[in-house]
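A quick write-up on the structure given underneath.
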Number of protein chains: 2
Amino acid sequence: MTIPRSAPRPTMKDVAARAGVSLKTVSRVVNREDGVSAGRVERVQRAAEELGYQPDAAAGNLRRSDRRSHAVGLLLSSAENPFDAWIQRGVEDVAAQRRTVVLAASSDESSQRELRIAQAFTARRVDGLILLPAGQDQSHLAREVERGTPVVAVDRPARGLRIDAVLADNRGGARAGVEHLMGHGHRRIAVLGHLASLHTAAERLAGAREALAAAGAALPDELVVQGLEDEQDAARAVHRLLDLEHPPTALFATRNVVSAGAFRALRERGELGRTALAGFDDFAAADLLDPPLTVITQEAYDLGRAAAERVFARMEDPRLAPETITIPTRRLIVRGSCGC
Amino acid sequence: MTIPRSAPRPTMKDVAARAGVSLKTVSRVVNREDGVSAGRVERVQRAAEELGYQPDAAAGNLRRSDRRSHAVGLLLSSAENPFDAWIQRGVEDVAAQRRTVVLAASSDESSQRELRIAQAFTARRVDGLILLPAGQDQSHLAREVERGTPVVAVDRPARGLRIDAVLADNRGGARAGVEHLMGHGHRRIAVLGHLASLHTAAERLAGAREALAAAGAALPDELVVQGLEDEQDAARAVHRLLDLEHPPTALFATRNVVSAGAFRALRERGELGRTALAGFDDFAAADLLDPPLTVITQEAYDLGRAAAERVFARMEDPRLAPETITIPTRRLIVRGSCGC
DNA sequence: CTGAAAGCGCTTACAG
DNA sequence: CTGAAAGCGCTTACAG
């Protein structure tokens, strides 16, 4: 049995030798510069083809004046989360147009992992960084920002860092959702919130409050639940709310897993169709439920695209002032759970 | 207004100058080699800290003997697809342990995009490549494989390339699903298949056939539908099946979007609870449906992990013979739609 | 324990 | 149109 010996990877030097030209001529052909005679172009191309030459992107970069790695880092919360996955897809699509690859990693909401990943990315000299900030402080990126690397926060603003942010219109979306419930006559509406420390949770609660206040309705403390992390939390909270002396007649959930848990609890109590429900964030099969769930959708794909576009804009003009870009929460998808 | 001038990024040379030592001493300290006096280690570390020095990973690599980029490429079908996203997460988690970053991109089932992305990855000299093969031929990667880059196919085998593959037990899972339906007395079971050209679709159909054959039941052509690409396709197919003179008494869907479409059609016909339904691949909220959906789950996370582990194993021993690793489709989640 | 020289694979800046 | 030399930021191989 012969041991497969991996053929050594050819370099420009090898191509030059085979084509009988100088290194520099190969470089010119490979980079499609002109000023090389047709015959030589041909010979170099054939030699490169025969050897299976592929330029080494990193080596080329080292001496190149613009020092672009043609890579951007994307620091998500959890890559398997559909919201994060759609952001990634938006980033990928913009990056692909610019011949840029995407380095992706998940922080799992840990500041420590965020720091480590950010360092791994900057050690590779990414041309830009898009992050869904975890924890309370992103100042570890300050030096990188000073050095001119475009860094853009997505979904939540960064803290301790003056950078661009691309956010959803969380407040407006929540307002629209609660207004819709009020349109069905509800005034006693409970808000089921996720982790209070998160920007999105705070904004959506604020939006719900605004909608109620504008209609002269109250949002008593007993109808505000925060810190719901999963379906079980949400289901338990709904059971407690329905046990109140004056239970809410409608529920507004600030996140998709919370909506799902609320739905489950309403079903367990036989309250589906009686207590109304609307939620922030769509999810697969929400329209197959009975009644189908009314939701505000977030355009995570657009968030990703906008963040990536901002990174590239800043690469072209590093002097842009940091901005917060708000992506409209475009659609209230009225299905049945709201009472429609 | 002052124009923010980005501070130039310091190099080892700058650190050496500041610490008053040679370049090589800085290199030793940065790489934690020993044989440097404590005082110098201290001085170098302080200088590096003050300048905010960060080694350039690519530059270091260039001369380094092992030539590891500490990056792997992950070529998915569609990053926003939950199945793909879970694979990514599995790959990420294994890569993170090895201090390796993940380059991710989506082919959208286009051979051309697959080729372009693979080239972008190899131009960056990734240490390994994991791909969910798109199209009919991956021989464009043959040269890279010969050169010793570990390349692993995930979810589907590659074609025109003898490489490792990490696949789900599609056949066994489908068999288990159909057997479960037969356990409820069904013998006239329709199979709702996705794109016939895909390995997963063929295997799952084969598994369903096997289960029926083993019980001496037939799978007549009129009960086999293939090429279903989305919920609408699936719903239409179910309507046609139910219009047959002898409609099926149970449906087996080979993919989650197909299950969802089938569910919708059954609801539209008032057949929920009468015609049984089971599907391959779980999805969010499948358990909130009424009746909740019985499914075979795929462990996409495990597929991703196994593929990444194989890449690293092959980096350590390039002489490993190409293998097909089958990940069990571990669980039949029996909910209500099967008739239980 | 320390460092000067050469070299990784390429581009830049320059000379012919 | 063509190429020899220097250099990007680092590591290697070697000498002291």
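Throughout, a chain's letter reflects where its sequence line sits, starting with A, and its residues are numbered from 1. Treat the numbers as computed from the prediction; the structure is a model and nothing was measured.
- A heavy atom lying under 4.0 Å from DNA chain D marks the following residues of residues 36-44 of chain A, by number: A:V36, A:S37, A:R40.
- By the salt bridge (Lys or Arg N to Asp or Glu O under 4.0 Å) test, B:E316 is found to be paired with B:R98, residues two or more places apart in sequence or in another chain being considered.
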In 5'-to-3' order, the base (B), backbone-only (S) or no-contact (-) status of each nucleotide in nucleotides 9-16 of chain C, using a 4.0 angstrom heavy-atom cut-off, is BBBB----

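- Listed by first residue number, the stems of DNA chain D with at least three Watson-Crick or G-U pairs below 3.5 Å are C:1-3 with D:14-16, C:5-12 with D:5-12, C:14-16 with D:1-3.
- Scanning for side chain to side chain donor-acceptor pair (under 3.5 Å) contacts around A:Q138 gives A:E114, with sequence neighbours left out.
- Applying the side chain to side chain donor-acceptor pair (under 3.5 Å) test to B:S111 and every residue at least two apart in sequence or in another chain returns nothing.
- Residues forming a salt bridge (Lys or Arg N to Asp or Glu O under 4.0 Å) with A:E92 (at least two apart in sequence, or on another chain): A:R89.
- Remark: A:R156 engages A:E109 in a salt bridge (Lys or Arg N to Asp or Glu O under 4.0 Å) (not counting sequence neighbours).
- Applying the salt bridge (charged side-chain N to carboxylate O under 4.0 Å, His left out) definition to pairs two or more places apart or across chains, none involves residues 68-79 of chain B.
- A:D56 pairs by the salt bridge (Lys or Arg N to Asp or Glu O under 4.0 Å) definition with B:R67, B:R125, not counting sequence neighbours.
- No salt bridge links B:R162 with B:E323; every basic N to acidic carboxylate O contact stays at or beyond 4.0 Å.
- Applying the 4.0 Å criterion to OP1 and OP2 of D:dG3, one finds that A:T25 has a side-chain N or O inside that range.
- Applying the salt bridge (charged side-chain N to carboxylate O under 4.0 Å, His left out) test to pairs two or more places apart or on separate chains, those with a residue in residues 13-33 of chain A are A:R18-A:E50.
- Applying the side-chain hydrogen bond (donor to acceptor under 3.5 Å, both in side chains) rule to pairs touching residues 34-45 of chain B yields B:E42-B:R46, sequence neighbours excluded.
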